[in-house]
Amino acid sequence: MAKYCISIVFMFALITFGACGGGTGESVKLQGAGASFPAPLYLKWFKSFSAAQPNVQVDYQSVGSGSGVKSFMDHTVDFAASDAAMKPEDMAKVKGGVQLLPMTAGSIVLAHSLKDVPNLKLSREAYVGIFSGKITTWNDPAIASVNPDAKLPSAPINVIVRADSSGTTFVFTKHLSAVSKEFEQGIGVHNMPNWPVGTRSKGNEGITASLLTTPGSIGYIEYGYAHSQKLPVATLQNKAGNYVAPTTASAVATLASAEMPPNLIAWISDPEGKDAYPIVTYTWMLFYKQYDSKAKAKALRSLIDYGLTEGQKESEALGYVPLPPDVVTKVKAAAESIS
Amino acid sequence: MSKDRASSRSDLTPSQSPPVENPFEGVNFAELELSLYRPRTLQSTLLSGLVTCMTFIALIPLFAVLWMLIWRGGQKFSLALFTQLPPAPLEQGGGFGNAIVGTLIMVGLGALITVPLGILTGVFLAEAMDSKLAEAVRFAAKVLTGFPSILAGVFAYGAVVLVTGGFSAVAGAIALAILMLPTIILTSESAVAMVPAKMKEASIGMGATGVQTVWMVLLPTAMPGILTGIMLAVARAAGETAPLLFTALFSNYWLISSGRADLMQPTASLAVLIYNFSGMPFANQVELAWAAALVLVLLVLIFNLIGQSFTRRRYEE
Amino acid sequence: MSKTQVRQEVAAWHPGQIWQPPTKAQRWYDGAFRRLCLVFAAFTIVLIAWLALGIAYRAIPAFQQYGLNFIYSTTWDPNKAQYGVLPEIWGTLYTSLLALIVGSAFGVAAAIFLSEGFLGEAVFKGLKAFNLQFHPLWRKLPDRLEQILKNLIELLAAVPSVVYGLWGLFVIIPLIRPVCNWLHEQFGWFPLFSTTLSGPGVLPAAFVLSIMILPTITAISRDALVSVPPKLRMAAYGLGATRWETILGVLLPTASRGIFGGMVLGFGRALGETMALAMLVGNANRLTVSLFSPANTLAALLANTFPEASAKEIPVLMYAALILLAISLVVNIFGAFVLEKAVGKGEAK
């Protein structure tokens with residue numbers, strides 16, 4: 001037995017001592033962590049970017065916006081991603097300054113499992129009421145009046161909400177609070193509010209799974225998930241009174257309807273445009289203003305550049321919204337401050 | 001069976017052996033047989049049947065899970081899984097070779113830390129059974145079994161990641177070690193305590209010191225039990241996601257590049273890969289997640305078999 | 001002859017060292033080894049003290065703000081900054097106890113099945129029917145099958161908890177939903193069946209949890225049963241006991257220490273199980289006895305809220321974690337107490 005123990009220890013010693021050192025001087029490794037909302041897009045970007053630039057390896061892991069921001073504040077990662085931007089008091093605590101850059105945007109859709117009603121329309125009153133627990137059956141007048149031809153069952157609405165705290169919920173509740181004062185004071189804006197109704201499922205994939213297996217249910221998920229599982233999605237009434245379906249065009253209209261302020265944090269909780277889809281959000285990447293390694297700063301700048309040019313072309317296929325051109329210009333300008 | 005014995009005895013006819021009284025004279029063999037009409041036999045047979053039924057019922061979910069793993073994971077099973085890196089969304093193909101290496105390294109490091117620690121603690125507990133310190137340690141180990149895995153990750157983050165300034169495989173190994181330790185301590189204590197006292201006494205009687213008794217008598221005898229504990233701990237550690245998310249993060253690249261393995265960087269692991277990919281809305285990724293689960297289970301099985309071959313060889317020597 | 005000369009002559013005849021009185025070096029080594037074992041054992045206490053104190057330290061702001069009300073309150077509303085974990089405490093205990101009862105019952109049964117070798121016997125009888133029992137190729141089959149079964153059950157322990165969560169979501173919940181809803185319709189007055197199964201809930205979570213702790217309990221109990229000296233078993237048979245009389249009267253009591261050890265480990269795992277329960281328990285902050293309604297556990301609450309928790313919420317979560325550790329402590333004390341009463345002081349450890 002001693003022989004075996006010694007051989008195992010020897011093997012590990014080899015690997016461990018071989019680890020002292022790490023990379024050679026040339027290659028740059030960048031590590032990011034943060035939101036899971038844009039994770040598929042970022043992963044695609046980073047893989048293509050690293051393949052194009054052999055000296056640079058960029059890695060990203062979705063741990064949630066909160067954890068990502070925390071790691072960023074602790075200086076354990078090189079950059080982070082967050083759906084909820086960053087609070088000013090947190091930004092002040094970061095050594096080296098923070099540069100927030102919106103890199104992409106996505107829409108949140110209300111997917112449902114009413115097989116007979118693929119073109120469900122929901123007025124503002126209706127969808128706020130469903131998630132506040134006021135509207136409990138599918139054939140409620142608020143829904144039926146807008147969908148005169150649809151065969152709405154008298155079954156109760158199975159609302160499905162998130163069990164875990166998430167940026168998606170934050171954005172969704174922000175929109176609902178902007179639409180209804182009552183919602184704002186009751187349930188409020190939070191990434192894990194106290195929903196009065198609803199079965200809770202973990203993650204976007206959990207809500208999707210529940211939608212697929214529970215009849216007569218409705219839930220809020222990111223567009224990519226509804227698209228890939230081919231779930232029917234409700235058309236929502238926007239502030240202008242029109243019923244808009246979640247498409248790239250309507251989401252771009254939403255982004256265009258709001259001015260991007262100089263600090264690059266914009267919330268479009270209730271867009272004004274007539275073709276705007278109501279629930280669209282930017283998502284940000286967080287960088288330090290000062291990096292210790294010039295090579296890292298340079299690599300990050302070219303990464304941002306890649307994301308804003310080539311990367312935007314890939315966003316639609318994955319279910320995200322390309323940034324409007326004027327936003328891209330502003331972000332490129334702000335990226336110069338990273339050094 | 002008693003009937004057979006009686007009849008074969010009668011084959012020894014008086015011509016072959018000296019005349020001897022039939023010791024079974026007067027015995028009613030029918031009474032000695034196993035008959036279901038007797039309450040004790042009935043109880044015994046019914047209980048055997050019950051236990052067999054319960055075992056098979058317990059095996060149904062086992063086989064269901066394994067079948068699901070084999071069915072969904074096997075669809076993507078190929079050599080590419082071991083040699084390629086994780087694919088980006090909407091990419092086809094790909095594999096998780098780096099995750100396999102990462103899991104092996106992190107679980108291996110964690111085991112390297114906890115196995116000596118746990119076994120020696122178990123030996124101590126079994127030897128000093130009633131002392132105050134032993135009671136305290138035993139209690140501490142039992143309380144530690146209920147420690148949620150996510151907190152092990154949080155603590156390793158504070159203790160290792162913040163101190164070293166980055167995510168690393170070593171931090172992941174330490175988080176896993178916290179989770180593995182109580183199992184190994186409690187099972188080794190149990191295994192060593194079950195070594196018959198006379199073996200210990202015989203060795204001391206031969207003049208062995210405590211160390212020699214432990215190394216040459218106690219540990220080899222208790223090895224199957226200790227190994228079970230190690231296997232259970234390793235199996236659990238290999239499948240834990242939450243602690244690794246806070247300590248080793250994930251990496252889409254090989255750990256060993258240009259001939260060197262860097263342990264002080266974020267490391268891929270099968271558990272985190274499964275967690276990531278099963279939550280993505282892309283079919284390729286979801287299938288890879290199932291394949292990764294199957295590979296993980298197979299790895300633990302191989303580890304298990306290797307461990308058992310060590311102990312079996314000992315007994316055959 | 002002097003002592004040293006005797007020693008040298010004896011050593012020349014018998015190269016093994018073990019039956020000489022220990023040399024000085026060996027005695028030093030022995031002392032050092034004992035001290036090392038002591039240090040390692042003390043390390044466990046240091047570790048848990050450090051972990052517990054670390055959690056307590058981070059939980060202080062929450063403790064100051066909410067006090068003991070945290071334990072009694074049932075609302076979890078981050079927006080209004082009202083936090084209470086009574087439903088989670090109840091959910092943790094409820095699911096873990098259910099899983100422990102079911103897991104132990106089936107686990108110990110499977111351990112008895114494996115240790116008695118029922119499968120091997122059945123296969124042997126089958127081989128005997130074909131007169132193959134001593135055939136060189138088939139002779140080892142009963143042993144091999146026993147070994148395979150033991151390995152398969154231990155393999156269950158290796159399945160990642162995420163996979164168990166997915167299996168529960170996609171296989172178990174749709175499977176038991178019709179049965180549960182029928183039970184609710186027929187026996188809705190019974191408190192255990194008083195709600196419908198709308199998806200994740202206590203029953204799927206407890207069921208999957210019991211499957212997760214089954215391999216631990218089975219493997220450890222089987223080891224305990226197999227380590228019972230064969231003499232005891234033979235002595236019982238010799239006295240005329242039936243198989244089950246020996247199992248219940250001799251084997252189980254002798255192996256009880258190991259079996260309880262396995263149950264402790266299983267229960268600990270059930271208390272701290274994070275990922276699978278986060279997917280299966282429904283995460284609804286309500287106090288309920290119904291098997292079909294969603295509930296929440298402390299570990300699942302941690303798993304769901306921690307990644308995105310803001311700096312204000314982390315003390316609250318640490319407070320919840322402290323309560324979980326306290327529950328583990330209390331349950332272990334209670335278990336040791338019950339064991340002492342049941343088995344007697346000398347054997348109850």
Side-chain angles (χ1 to χ4, degrees), chain A residues 1-2 4-5 8-9 11-16 18-24 27 29 31-33 36 39-41 43-48 50-51 57-64 67 70-71 74-78 202-206 208 221-222 224-229 314 317-319, chain B residues 85-91 101 104-105 108-109 111-112 115-116 157-158 161-162 164-171 215 219-220 223 245-246 248-266 268 272 275-276 278-283 285-286 306 310-311 313-314:
Chain A
M1 173 161 95
Y4 301 121
C5 292
I8 293 176
V9 171
M11 209 166 66
F12 276 107
L14 246 165
I15 298 184
T16 318
C20 302
T24 57
S27 75
K29 271 184 182 289
Q31 180 66 40
S36 48
L41 186 63
L43 286 171
K44 187 109 176 76
W45 284 357
F46 298 159
K47 193 152 185 175
S48 319
S50 302
Q57 265 188 3
V58 192
D59 235 336
Y60 182 78
Q61 170 63 27
S62 68
V63 290
S67 280
K70 183 172 189 306
S71 300
D74 289 334
H75 279 263
T76 44
V77 288
D78 297 313
K202 183 171 164 54
N204 276 301
E205 66 278 8
T208 314
I221 49 179
E222 291 157 24
Y225 286 87
H227 181 70
S228 77
Q229 298 292 334
E314 293 167 343
L318 287 163
Chain B
L85 292 172
L90 288 191
E91 239 179 60
V101 170
L104 283 174
I105 289 186
L109 267 182
L112 207 63
V115 166
Y157 180 80
V161 176
L162 285 183
T164 56
F167 295 95
S168 58
V170 171
W215 278 111
L219 282 185
M223 197 41 79
L245 274 180
F246 289 96
L249 220 56
F250 192 71
S251 165
N252 284 302
Y253 305 101
W254 289 105
L255 185 69
I256 304 176
S257 54
S258 56
R260 298 185 123 193
D262 189 359
L263 288 180
M264 296 309 289
Q265 63 173 346
V272 177
Y275 170 77
N276 283 344
S278 59
M280 285 197 183
F282 307 107
Q285 260 75 357
V286 172
I306 294 178
F310 279 5
T311 43
R313 208 170 292 158
R314 161 166 311 280

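On a predicted model such as this, the values are computed, not experimentally measured, just so you know. Sequence lines set the chain letters: A, B, ... in the order given, protein chains first and strands last, and positions in each chain run from 1.
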Completion exercise
Rounding to 0.5 Å, atoms NZ (A/Lys70) and OH (B/Tyr157) come to a distance of 4.5 Å
Problem - Gap between atom CG of A/Leu43 and atom CD of B/Gln285 - 0.5 Å precision - result: 8.5 Å
Practice task
Please flag which part of B/Pro116 lies under 4.5 Å from any non-hydrogen atom of chain A: side chain, backbone, both or neither.
Solution key: neither
Fill in the blank from the handout: Tightest non-hydrogen contact, residues A/Leu318 and B/Pro89, listed as CD2-CB, 3.8 Å
Completion exercise
In terms of heavy-atom contacts, A/Phe46 and B/Tyr253 come closest through O-OH, 4.0 Å
Fill in the blank from the handout: Tightest non-hydrogen contact, residues B/Leu245 and A/Val63, listed as O-CG1, 3.9 Å
Practice task
Look only at the side chain of B/Asn252 and the backbone of A/Asp59, and say whether a donor-acceptor pair between them is shorter than 3.5 Å.
Solution key: no
Handout entry: NE2 (A/His75) with more than 12 external heavy atoms under 6.0 Å
Key = yes
Problem - Segment of B/Ser278 engaging chain A (4.5 angstrom heavy-atom cut-off) - result: backbone
Practice task
Give, as side chain, backbone, both or neither, the part of A/Gln229 having an atom under 4.5 angstrom from any heavy atom of chain B.
Solution key: neither
Handout entry: Heavy-atom contact with chain A under 4.5 Å, split by part of B/Val272
Key = side chain
Completion exercise
Result for side-chain contact (heavy atoms from CB on, under 4.5 Å) between B/Gln265 and one of A/Gln31, A/Gln57, A/Lys29 points to A/Lys29
Fill in the blank from the handout: Okay, A/Ala317 and chain B: the region with an atom under 4.5 Å from a heavy atom over there is both
Exercise for the section: Pick one of side chain, backbone, both or neither for A/Thr208, based on which atoms fall under 4.5 Å of a heavy atom in chain B. Expected result: neither
Problem - Worked verdict on A/Val77 versus B/Phe167 for side-chain contact (heavy atoms from CB on, under 4.5 Å) - result: CA-CA 8 Å; A/Val77 288; B/Phe167 295 95; 3.5 Å; yes
Exercise for the section: Flag the one option from A/Glu314, A/Glu205, A/Gln61 with the top tally of heavy-atom pairs under 4.5 Å to chain B. Expected result: A/Gln61
Problem - Choice from A/Gly203, A/Ser50, A/Gly206, A/Ser48 maximising heavy atom contacts with chain B below 4.5 Å - result: A/Ser50
